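One structure below.
Not measured: the values here are computed from a predicted model. Every chain is numbered from 1 and lettered A, B, ... according to where its sequence line falls, protein lines coming before strand lines.
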Amino acid sequence: MNKAPAAAPIVAAERILSVNNIEVIYDHVILVLKGVSLHVPRGGIVALLGANGAGKTTTLKAISNLLHAERGEVSKGSIHFDGMEIHRQSPNELVRRGCIQVMEGRECFAHLTIEENLLTGAFTRPDGRVAIRRDLDLVYSYFPRIGQRKNSLAGYTSGGEQQMCALGRALMSKPKMILLDEPSMGLAPQIVEEIFEIVKRLNQQEGVSFLLAEQNTNMALKYAAYGYILESGRVVLDGEAKALRENEDVKEFYLGVGESGRRSFRNVKHYKRRKRWLA
Amino acid sequence: MLLYKIFIDPFVQMGASPDLFVQTLWEGLVAGVLYALIALGFVLIFKASGVFNFAQGIMVVFGALTLVGIYEILVRWGISQENVAAFLALGLTIGVMFLLAFAVERIVLKPLVNQPDIILFMATFGLTYFLIGFGEYVFGGSSKVMIADQLYLPKGFIDLKILGGVVSLQKIDIAAAVIASIMVTGLALFFSKTRIGRALRAVADSHKAALSVGISLDQIWVIVWFASGLVALVTGIMWGARSEVSFALEVIALRALPVLILGGFTSIPGAIVGGLIIGIGEKLGDFYWGALLGRGIESWLAYFIALVFLLFRPQGLFGEKIIERV
Amino acid sequence: MRAPSVAEIAAGDVLLAVEGVSLAFGGVKAVSDVSFDIRKGEIRAIIGPNGAGKTSMLNVINGFYHPQAGRITFKGKTRRAMRPHAAAAGGIARTFQNVALFKSMTTLDNIMAGRSLKMHKSFFWQIFRHGPALSEEIEHRKTAEEIIDFLEIEHIRRIPVGKLPYGLQKRVELGRALAMEPDLLLLDEPMAGMNLEEKEDMSRYILSMNNYYGTTIALIEHDMGVVMDLSDRVVVLDYGRKIADGTPDEVKKNKAVIDAYLGVAH
Amino acid sequence: ASAEDTIYVPLFTYRTGPFAVSGIPIANGMHDYLEMLNQRDGGIGGVKLAIEECETGYDTKKGVECYETVKDKKPVMINPYSTGITLQIIPKASVDKIPVLSMAYGLSASANGTYFPWIFNAPATYWDGASVFVRYIAQKEGGVDKLKGKKIGLVHLDAPYGKEPIPVLEALAKDYGFELVLYPVPAAEMLNQSSLWLNVRRDKPDWIYMQGFGAMNPTAVKEAAKIGYPMDHLIGVWWAGNEADGVGAEGKGYQSLSFTNIGTNFPVIQDIMKHVVSKGKTQTTKDEVGLNFYNRAVYNAILIAEGIRNAQKLTGKKVVTGEDVRRGLETINLTEARLKEIGASDFAPITRVTCEDHNGHNDAFLVQWDGAKWNKASENIKPITDKVIPLADAAAKDYAEKNAGWPKRTEACDKSS
Amino acid sequence: MLYREAGQFKTNYASDLAVFPILQDRMGIAAILLVAFVAVPYFGNDFLLQAIMIPFLIFSLATIGLNLLTGYTGLLSLGTGAFMGVGAYACYKLETLFPGVNIIVWIVTAGFASAAVGVLFGLPSLRIKGFYLAIATLAAQFFLQWCFVRIPWLFNYNTSGAIEVGTHTLFGIPITGPNATSTTRYLIALSIVVVMTWFASNLVHGRIGRMWMAVRDMDIAAELMGIRLLPTKLLAFAVSSFYCGVAGAMLVFLWYGGAEADVFSINQSFFILFMVIVGGLGSLLGSFLGAAFIFILPIFLRYVPPHVGMSIFPATVEHITFMITGGLIIFFLIVEPHGLARLWQTAKQKLRVWPFPY
Ligand SMILES: Nc1ncnc2c1ncn2[C@@H]1O[C@H](COP(=O)(O)OP(=O)(O)OP(=O)(O)O)[C@@H](O)[C@H]1O
Ligand SMILES: Nc1ncnc2c1ncn2[C@@H]1O[C@H](COP(=O)(O)OP(=O)(O)OP(=O)(O)O)[C@@H](O)[C@H]1O
Ligand SMILES: [Mg+2]
Ligand SMILES: [Mg+2]
């Protein structure tokens with residue numbers, strides 16, 4: 001089941017990112033990804049879905065090469081970005097090439113102000129102050145809330161503000177591709193909507209590609225063109241977003257719509273256990 | 001009686017011989033500057049990586065020994081112009097310090113990215129051990145005389161006949177103060193005005209996040225270790241000129257601890273202000289109150305001074321705020 | 001939208017009431033003049049846009065922040081500010097927005113740590129770990145195991161929680177709070193970063209707690225589905241001010257709430 | 001040669017660490033003299049010496065470790081070369097029956113052979129040294145009575161080594177009516193003495209005795225120069241007279257005690273040059289030979305050799321043990337004639353050790369730094385033995401009493417040769 | 001699958017709460033104790049006992065002490081040396097003031113003096129955190145060391161300024177002083193260390209240990225859960241200093257047989273800290289491994305070359321020893337930053353899945 005998706009009509013040349021059958025081990029003994037393959041077309045938005053602990057974050061970190069910092073390593077398989085094998089590239093080289101990750105859990109620099117945080121995002125940019133200034137204002141226009149708090153230390157801002165800060169920081173590097181790890185976490189509903197709109201806008205206007213790890217399946221499948229579902233370190237299902245939305249299992253377990261419309265959280269039954277694709 | 005000795009007598013003495021008082025102040029100032037130099041080396045590295053660099057002391061020794069060692073070799077090779085040899089040696093030593101920074105980054109720091117501070121602290125201890133062994137192996141254990149004259153460092157003193165006595169200022173101390181101020185200003189500007197400075201603070205905050213935004217830890221670390229290597233070299237020259245160049249210099253690294261903590265681990269100006277407070281505080285304390293307690297109190301006075309300040313500002317005078325949030 | 005009457009507080013219906021609480025950090029007004037109450041046995045939601053002051057409100061309630069103005073009445077006792085230890089001893093437990101577990105301890109130890117307040121055997125017995133200390137340990141271990149069973153986290157009992165995926169960490173955190181057997185449980189975005197199924201599980205735990213143990217719950221959450229389904233009453237904050245208070249249906253229709261927070265009517 | 005027919009002489013040395021500056025010439029001097037005996041005479045009494053260095057780094061912990069390592073190899077004596085290590089070893093060696101030779105360092109009280117049959121600290125104790133200093137300044141001031149009312153400073157390392165001379169100076173201060181002012185230098189503050197010297201500048205002591213070591217000395221001398229203290233009124237103990245300390249030009253006029261002479265112009269030194277240094281059987285460089293500490297270490301090695309030689313004579317055995325050598329050391333009698341025989345006349349002090357007196361309380365003299373090297377600057381001066389010896393005996397008794405169960409001397413006395 | 005838990009089910013909480021729930025571990029411990037109590041004293045020579053085992057045990061105890069504070073409670077201390085010194089000097093004073101009482105009693109009692117001093121210098125820990133807290137312990141370090149030199153009462157006005165240990169006996173056998181054999185001293189040290197390790201293990205596996213670790217991992221959360229920070233931290237200071245104090249007393253009375261203030265210098269503090277880090281923060285096993293690594297490795301390196309017939313100058317051996325020790329420390333940190341104890345666990349994990357790689 002875990003072979004590369006045959007159905008996807010993506011020609012290799014159009015792929016900005018392709019991950020081929022990678023395995024990831026933490027601490028030399030814990031095998032977390034057991035052969036994951038996925039592809040992101042240039043200018044596409046791809047969603048990576050899956051339960052807690054399925055390995056979404058790990059996949060993204062494997063791509064952006066941040067695993068090394070957590071004592072994890074890619075032990076098998078290969079990763080290509082923009083036509084280059086990037087397995088041995090340092091994270092900063094990758095950012096320079098245009099692939100940046102927004103990490104889960106708001107990894108802001110607590111002792112830097114919001115504005116300084118945003119500026120660190122522009123670290124690899126060769127273009128001058130003016131362009132950076134312009135993008136800074138752009139970020140503030142996306143997220144007015146952090147515009148108001150731009151001179152406070154990031155460590156003192158609220159959870160949602162930090163999330164916006166992390167996202168804005170990535171935008172500041174003018175990437176070709178963004179690996180977004182749970183962007184909607186902890187954000188108020190209308191901001192979530194806004195974030196996805198921003199994703200769409202960047203994608204359409206600037207041609208930025210996205211790989212999106214999300215729990216908010218609803219949103220993710222609305223904006224993405226293609227989706228992968230990960231379970232226990234394996235891709236168990238993938239397909240066009242539309243097709244996934246129609247899939248009965250996805251409907252039942254990820255979208256919360258059964259035959260009888262939306263379920264209420266009040267009436268969740270204890271016996272309901274998820275059917276596992278891989279048992 | 002005791003109260004008199006504590007609260008009155010010292011001030012009477014200060015008034016009675018103002019020249020001694022001024023001299024003590026001056027000594028405190030000089031000591032402060034010298035402490036600040038050592039602390040500066042720590043601050044640079046701490047600022048850039050959150051690493052408390054235990055090896056700073058040995059780097060001071062290593063820098064000074066390398067300088068004198070290379071100088072001796074050059075002279076032996078027949079470079080007769082002493083000053084030329086000295087400055088050539090200085091240049092080569094700077095090169096060695098760069099190599100050291102580079103090697104440390106590659107071999108020690110890079111594999112330890114994103115590890116807890118205390119682990120990196122331990123690694124610098126390993127480095128210390130290695131450098132001690134290596135340094136002694138290469139340079140031997142004998143002491144050397146700092147080539148201060150050859151580097152045009154001033155000698156002798158200026159006697160100021162003021163306040164009914166003599167205040168004597170060593171020229172080398174004046175030079176130390178000047179050089180230290182230039183270095184501190186330069187480094188402070190470099191790290192606050194360039195984008196490297198911001199990146200540095202980012203790295204100190206979180207290695208992982210810094211990596212994720214594309215800050216090159218390799219580059220940053222080589223830069224700061226090189227910078228602190230240079231600071232170590234200057235420190236070595238200054239302290240070496242005051243006594244001798246030997247492994248005994250290593251103990252002075254400890255002098256920097258209270259300064260560092262008082263100033264705040266991450267602040268370049270903090271190092272200098274902390275240095276001055278500690279320097280002046282402990283010289284005055286030891287000079288006017290030391291006899292009461294049976295002398296030798298300088299060894300702990302500095303820590304108590306720093307402790308008192310810290311009780312009011314737990315992050316040091318200029319340290320970064322300790323953020324507590326849930 | 002009315003403040004609790006003195007009679008209600010006295011009657012003990014109201015477990016906790018905050019009155020006119022204001023909290024500012026330098027120029028930032030995190031909370032300004034907010035009053036609301038939490039009745040015994042209810043699920044009370046606190047919602048609002050990012051940075052509205054919800055977390056700060058919880059911090060005030062359990063004494064981590066001390067408000068500049070206002071007072072807090074908990075279990076009939078009125079104070080200017082709570083103290084963390086007193087709040088915990090009085091029966092307030094909480095979970096945190098950015099998971100604040102004891103990362104290097106195992107799930108079991110985290111939950112056992114939640115019972116620290118309830119364990120009293122002295123240092124002397126502790127060093128022998130026999131007799132009273134051991135029987136106390138065993139007794140509390142039973143409770144901890146019950147919580148573990150309840151939250152269905154048996155399989156991660158002995159794993160250091162720092163290594164767990166985010167969703168499970170949140171669950172362990174809930175377990176740790178439960179271990180304190182609180183009268184009032186403060187939950188700060190317990191379902192952030194969870195998928196639907198996990199949210200459903202979480203909802204189930206919260207409801208059972210509320211139903212079977214009668215635990216009063218204050219809940220911050222951005223998922224409106226969850227909030228509207230679970231809560232009895234909702235208080236809405238915006239820029240530190242209370243802009244609405246009432247049943248989910250009332251709040252949902254409130255114009256100010258729609259403008260400030262919901263965007264579109266749900 | 002098999003182990004059977006060698007005599008094992010371990011040398012505790014410190015060629016590493018912060019005090020290596022002093023340790024290196026000492027290690028070389030001891031090694032070279034013994035090696036010279038091996039080369040020239042085939043050892044002592046026809047038995048080769050197995051010389052082995054154990055590196056202590058001047059660290060007590062490593063010193064104790066060295067002791068345990070060499071103990072099993074039947075050493076004929078131990079030269080700890082650190083007061084800290086000596087203090088550790090004194091009780092152990094007395095039980096293990098291994099003599100300890102702490103030449104002019106260590107515990108001053110251990111000069112008493114009745115209480116410390118296994119410990120030797122010839123030719124003079126720190127107490128002797130301090131009293132020589134007092135006698136010298138009395139001469140300079142024009143008589144003992146002139147000391148009355150004078151102020152005398154003691155700049156010392158704040159460690160047992162540095163504190164050794166305090167009791168005797170205190171006693172003398174009481175007797176002669178001078179005031180003693182102490183200036184302790186904590187080990188961590190060796191390089192940082194400016195406030196101490198400001199105190200000196202205020203107190204204006206007439207003379208200063210310095211019980212310093214290593215990097216403490218050059219720093220002190222430079223600071224003294226800075227405050228304009230008359231350099232010839234600053235006098236160091238014999239371990240404060242190392243050329244390599246780098247006292248430099250500022251230190252011109254500074255004086256230090258000594259009991260061995262400087263230079264290469266002695267038959268023993270010439271022999272060492274010929275048989276050892278020029279053959280490259282050493283780590284010593286040529287210009288190191290003849291320096292103050294080197295020569296002193298050669299003297300130390302002479303005592304070792306004499307001890308062994310006497311033991312051979314007393315027992316008639318060739319391969320002697322530690323117990324024999326203890327007897328040998330107790331009968332050391334380096335007379336003028338004997339010194340001449342071994343090529344050390346005018347090089348080393350006349351030394352006599354007896355059963356009761358393991359030290360000799362010998363004379364010392366002053367050497368003065370001329371900015372580049374040391375020169376002899378006084379005649380031999382006697383320690384004030386009538387004060388020092390009773391003090392030492394009392395201290396020895398005190399030591400034995402405080403250490404409940406301290407073994408009584410059971411070893412018989414030999415007649416001094 | 002050499003090392004396995006499978007099949008070892010626990011049917012009651014008491015056995016599940018045991019420190020070593022797994023049979024293989026229990027057998028291992030029994031074997032180690034057997035070797036330590038029987039084989040080592042029987043086969044070991046003086047060098048092994050005196051220069052390696054006794055100091056190793058003493059440093060292990062001090063390392064456990066510091067580990068309780070730094071590893072379990074997360075409070076960095078650079079004053080271990082001084083706290084050991086307090087124990088040593090307290091024991092010395094007690095022994096000379098009340099010579100009638102058995103010395104072992106005083107060795108243990110000396111810990112209380114150290115604990116009191118520890119609490120005193122632990123007070124600033126409420127306000128000062130992290131590396132900054134080091135200042136309080138550094139103040140302790142330098143101040144106490146100064147006291148050991150400057151207060152003659154502490155060393156009974158000995159002219160040498162050092163303290164010396166006389167002979168004390170237990171059942172007529174000398175256990176301190178030069179007449180005590182290294183075997184007796186070793187056995188006494190071993191017994192004290194075993195008992196105190198057992199106590200420490202009980203503490204860290206129970207309520208108190210959990211409170212310490214909670215404070216270490218997330219002090220705010222701990223406080224909001226009702227754990228009082230100051231008493232918890234002070235208790236850690238007290239217990240930690242107690243252990244260090246006993247270790248200090250043992251160091252003087254069972255190993256050195258005398259000491260000067262310099263023994264308790266800042267270097268000693270760093271030394272112990274490094275044992276804690278290399279062994280593994282928050283691990284009792286790690287305390288032993290760390291002590292062994294930092295203390296025994298250099299000795300081992302120093303004595304290996306001569307024994308394999310290499311003749312190098314001792315000074316050169318020393319230099320190389322330094323370089324190799326430094327290199328190995330860095331190497332092990334890179335292999336496993338969480339210390340030798342974690343390395344051991346990973347190894348066990350590998351054994352568990354053996355012969356598969358994971
Ligand atoms: N540093 C680590 N060391 C050991 N195991 C780890 C580490 N990080 C993650 N894991 C394990 O890897 C698995 C996958 O984790 P990952 O964080 O990738 O999941 P996820 O899909 O992102 O989950 P979530 O939705 O909760 O964020 C989990 O079982 C986790 O326990
Ligand atoms: N300790 C503090 N120092 C300074 N400002 C603070 C502090 N705590 C909170 N704030 C500020 O107060 C405001 C309210 O923060 P709070 O965390 O309560 O928001 P929130 O409602 O929980 O938001 P979110 O939904 O994003 O978590 C924010 O603007 C935040 O930056
Ligand atoms: Mg994730
Ligand atoms: Mg919040």
Side-chain angles (χ1 to χ4, degrees), chain A residues 60-61 64-72 90-113 115-125 129 132 152-159 162 165-166 168-175 178-179 181, chain B residues 43 46-51 105-106 109-117 119-120 191-223 264-267 270 314-316 318-326:
Chain A
L60 296 195
K61 281 189 181 152
S64 60
N65 253 324
L66 292 172
L67 270 183
H68 170 70
E70 313 216 341
R71 305 191 63 69
S90 64
N92 68 297
E93 186 53 36
L94 216 62
V95 175
R96 217 175 280 279
R97 284 175 182 284
C99 174
I100 194 165
Q101 175 173 9
V102 179
M103 281 198 287
E104 155 187 77
R106 318 156 178 143
E107 298 265 357
C108 288
F109 301 115
H111 292 95
L112 270 57
T113 63
E115 179 146 324
E116 284 172 325
N117 262 284
L118 296 177
L119 286 174
T120 56
F123 183 78
T124 51
R125 271 170 68 167
R129 264 162 209 267
I132 291 177
S152 352
L153 292 187
Y156 284 128
T157 56
S158 84
Q162 291 184 17
C165 172
R169 191 175 64 187
L171 295 183
M172 287 300 292
S173 76
K174 277 216 149 202
I178 301 183
L179 310 171
D181 201 351
Chain B
V43 166
F46 193 89
K47 208 173 156 64
S49 47
V51 180
E105 198 278 326
R106 269 305 121 89
L109 298 175
K110 201 170 178 180
L112 288 172
V113 170
N114 200 32
Q115 295 304 332
D117 299 347
I119 301 301
L120 284 157
F191 286 118
S192 65
K193 293 285 175 223
T194 59
R195 73 191 177 116
I196 300 274
R198 203 181 312 117
L200 221 67
R201 287 165 54 209
V203 175
D205 222 81
S206 157
H207 292 179
K208 202 162 58 169
L211 279 174
S212 85
V213 296
I215 293 172
S216 160
L217 293 187
D218 304 358
Q219 192 193 339
I220 295 267
W221 280 345
V222 172
I223 292 175
F265 278 98
T266 47
S267 166
Q315 71 273 38
F318 295 90
E320 275 173 346
K321 263 209 161 107
I322 298 166
I323 293 183
E324 293 205 322
R325 266 218 69 178
V326 280

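- Both the backbone and the side chain of A/Ala69 come within contact range of chain B, with heavy atoms under 4.5 Å apart.
- Between chain B and the options A/Gly121, A/Cys108, A/Ala110, A/Ser173, heavy-atom pairs under 4.5 Å are most frequent for A/Ala110.
- Applying the salt bridge (charged side-chain N to carboxylate O under 4.0 Å, His left out) rule to A/Arg71 yields the partners A/Asp27; only residues at least two apart in sequence or on another chain are considered.
- With a 4.5 Å cut-off on non-hydrogen atoms, B/Ala210 touches chain A through its backbone and its side chain both.
- When each of A/Thr157, A/Leu94, A/Leu179 is scored by its heavy-atom pairs under 4.5 Å with chain B, the top score falls to A/Thr157.
- Atoms NZ and OG, on B/Lys110 and A/Ser90 in that order, are 6.5 Å from each other to the nearest 0.5 Å.
- Between chain A and the options B/Ile215, B/Leu112, B/Val113, heavy-atom pairs under 4.5 Å are most frequent for B/Ile215.
- Highest contact tally toward chain B, considering only A/Arg96, A/Met103, A/Glu93, is held by A/Met103 [criterion: heavy-atom pairs under 4.5 Å].
- Taking all atoms of both residues into account, the shortest heavy-atom contact from B/Ser212 to A/Val95 is O-CG2, 3.8 Å.
- Side chains of B/Ser206 and A/Glu107 form a contact here, defined as non-hydrogen atoms less than 4.5 Å apart.
- Note: A/Leu119 leads A/Asn117, A/Thr124, A/Ile100, A/Leu119 in heavy-atom pairs under 4.5 Å with chain B.
- When every heavy atom of A/Glu116 is checked against every heavy atom of B/Arg198, the shortest pair comes out as O-CD, 3.6 Å.
- For the atom pair NE2 (A/His68) and CG (B/Leu211), the distance works out to 8.5 Å, reported to the nearest 0.5 Å.
- When A/Met172, A/Glu70, A/Gln101 are compared by the number of non-hydrogen pairs under 4.5 Å with chain B, A/Glu70 comes out ahead.
- What you find for B/Gly214 and A/Asn92 is that their closest heavy atoms are O-CB, 3.2 Å.
- Under the rule for a salt bridge (charged side-chain N to carboxylate O under 4.0 Å, His left out), B/Lys47 has no partner lying at least two apart in sequence or in another chain.
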